[in-house]
Number of protein chains: 2
Amino acid sequence: MEDGTQAAGGAKPSRIQLRNRKRILDAALDVFSMHGFRGATLDQIAEASGLSKPNILYYFAGKEEIHVTLLNGLMDTWLDPMRAIDPAGEPLDEILRYVHRKLEMSRALPRESRLFANEILQGAPMIGAGLVSVLKPLVDETAALIESWGAAGRLKPVDGRHLIFSIWATTQHYADFDAQVQVLLDGRDGHEDASVFLDTLYRRMLAV
Amino acid sequence: MEDGTQAAGGAKPSRIQLRNRKRILDAALDVFSMHGFRGATLDQIAEASGLSKPNILYYFAGKEEIHVTLLNGLMDTWLDPMRAIDPAGEPLDEILRYVHRKLEMSRALPRESRLFANEILQGAPMIGAGLVSVLKPLVDETAALIESWGAAGRLKPVDGRHLIFSIWATTQHYADFDAQVQVLLDGRDGHEDASVFLDTLYRRMLAV
DNA sequence: TCGTGCTTTTACCATTTGGTAAAAAAGTGG
DNA sequence: CCACTTTTTTACCAAATGGTAAAAGCACGA
């Protein structure tokens, strides 16, 4: 009686629940990343997941809850490369490793990249709070680290935040604006050349 | 009789038509850039423009035509900075001037930037053809110019297309992901610092 | 001033869409 | 095999949305 009868916050998610929630979230990632939140419909998610619409609403309270669940669930994965920057490492190597890991994520997880891009473009209506509580502290810390490296003469001094912005922008560009990149590269996969280009860019920017 | 009775393709747009079409397009730019094509509604555009919904449909055949009209009308403005690159100029100055003009557009015309970003994110369903016929030739030409500068020893050699991608990404980032930038900069306007950062970035990347 | 054609409003519609109620159909522990 | 719970389906709905028909207003030259 005291447990949420619905498949919500309870304590013991059954095997069926685990499997179906996963199916729904994967289908929703497809649909949301392709059409954006408002452009996506529950019917599309239903068809892509192989479940009926009411069945989906048995597992999630509504369309918005699916979207928020996706966003929150992916936030950690998304920020992992930044967390992996080692303050004890060699500064230039750490930054370049971060760039390459971000670019690799752009290639491996383009749906996730577009999901976030859509959300931010719309003004982050659903993860605004997450940006403040999760992203901001991490960025503040990382920017400070980068600038301390600069002050110590181990990197050319740069504005840490704007460096981070530029790394996000240049790497995620290949996922978010893939339609344009495809046209301009005649359908060739640009990630290999992008990797070389970005390596050069940030090496020249930062190497002492 | 032979002219499209509707305010469409005729030959002599009246003063009223000019004014109202402008109103509609401006309102639509607000709404589309904020919510994306599918997230925007005719009612929102109607309210923002001060016209009734049927009145809007008197001037445009449908929601999609408004969107396409906006996209096509803005394409030229959007590409002007790239067209302004002077093959006879000093290479580094020309590139840096391009970067600064793009960044300035990001600050002055964020709605336009988001409109395009939304469209490309969704796979460019409405301007795919325009990308091929207008954007691609210009980018091909500009990339070739940049690489010829590199080959002539007037710039450090770089992949022209990926350089262009990086300039788009880094400058438009401030408009498209403004919600995130605002959070991470505590609401400060980042364009001044961005200008300095990007100047340094591309100067170090390209100066011989 | 009057008529003609451009512009705007008033009423509607059909479809789509997020969501619900309740019954049917599995599962599952005893 | 049975009672009880979880899962799925069937049948709906109200609101939102893109769009239309046709009448009413309006501008402006003859």
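The sequence lines fix the lettering, A, B, ..., with proteins before strands; numbering per chain opens at 1. It should be emphasised that the depicted structure is a prediction, and the values quoted were computed from it without experimental measurement.
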Side chain of Pro54(B) - closest among dT9(C), dT17(D), dG19(C): dT9(C)
Whole angstrom value for the distance that separates P of dG18(D) from NE2 of His35(B): 12 Å
Sugar-phosphate, base or nothing in reach of Ser52(B), heavy atoms under 4.0 Å: base
Nearest non-hydrogen partners of Leu92(B) and Arg203(B), listed with the distance: CD2-NH1, 4.1 Å
Distance below 4.0 Å between Arg38(B) side-chain N/O and dT17(C) OP1 or OP2: yes
cation_pi(Arg107(A), Tyr174(A)) dist<6.0 Å, angle<=45: no
N or O in side chain of Asn55(A) less than 4.0 angstrom from dT10(D) OP1/OP2: no
Check ion pair Arg161(A)-Asp140(A) (N to O, under 4.0 angstrom): yes
Length of the CZ-C1' vector between Phe60(B) and dG19(D), whole Å: 16 Å
Interatomic distance where CZ belongs to Arg21(B) and P belongs to dT7(C) [whole Å]: 11 Å
Interatomic distance, His67(A) NE2 vs dG18(C) C1' [rounded to whole Å]: 16 Å
N/O (side chain, Gln17(B)) to phosphate O (OP1/OP2, dT7(C)) under 4.0 Å: yes
Sugar-phosphate only, base, or nothing, as touched by Arg19(B) at under 4.0 Å among non-hydrogen atoms: nothing
Residue-phosphate contact under 4.0 Å: Tyr59(A) side-chain N/O, dT8(D) OP1/OP2: yes
Whole-Å distance separating the CG atom of Asn20(B) from the C1' atom of dT7(C): 9 Å
No-H, no-angle donor-acceptor pair, Lys63(A) side chain to dG19(C) base, under 3.5 Å: no
Tyr58(A) side-chain N/O to dT8(D) phosphate OP1/OP2 under 4.0 Å: no
Considering all heavy atoms, the nearest Glu65(A)-Tyr59(A) contact: OE2-O, 4.4 Å
Ile16(A) or Ala40(B), whichever maps to the more 5' nucleotide of DNA chain D: Ile16(A)
Between C1' of dT20(D) and NZ of Lys53(B), the distance in whole Å: 11 Å
Nearest-Å distance for atom pair CG/P, residues Leu51(A) and dT7(D): 12 Å
Residue pair Thr142(B) / Tyr98(B), side-chain donor-acceptor N/O under 3.5 Å: no
For atom CZ of Phe32(B) and atom C1' of dT17(D), their distance in whole Å: 13 Å
DNA chain D: 5'-proximal contact among Gly62(B) and Arg15(B) (nearest heavy atom): Gly62(B)
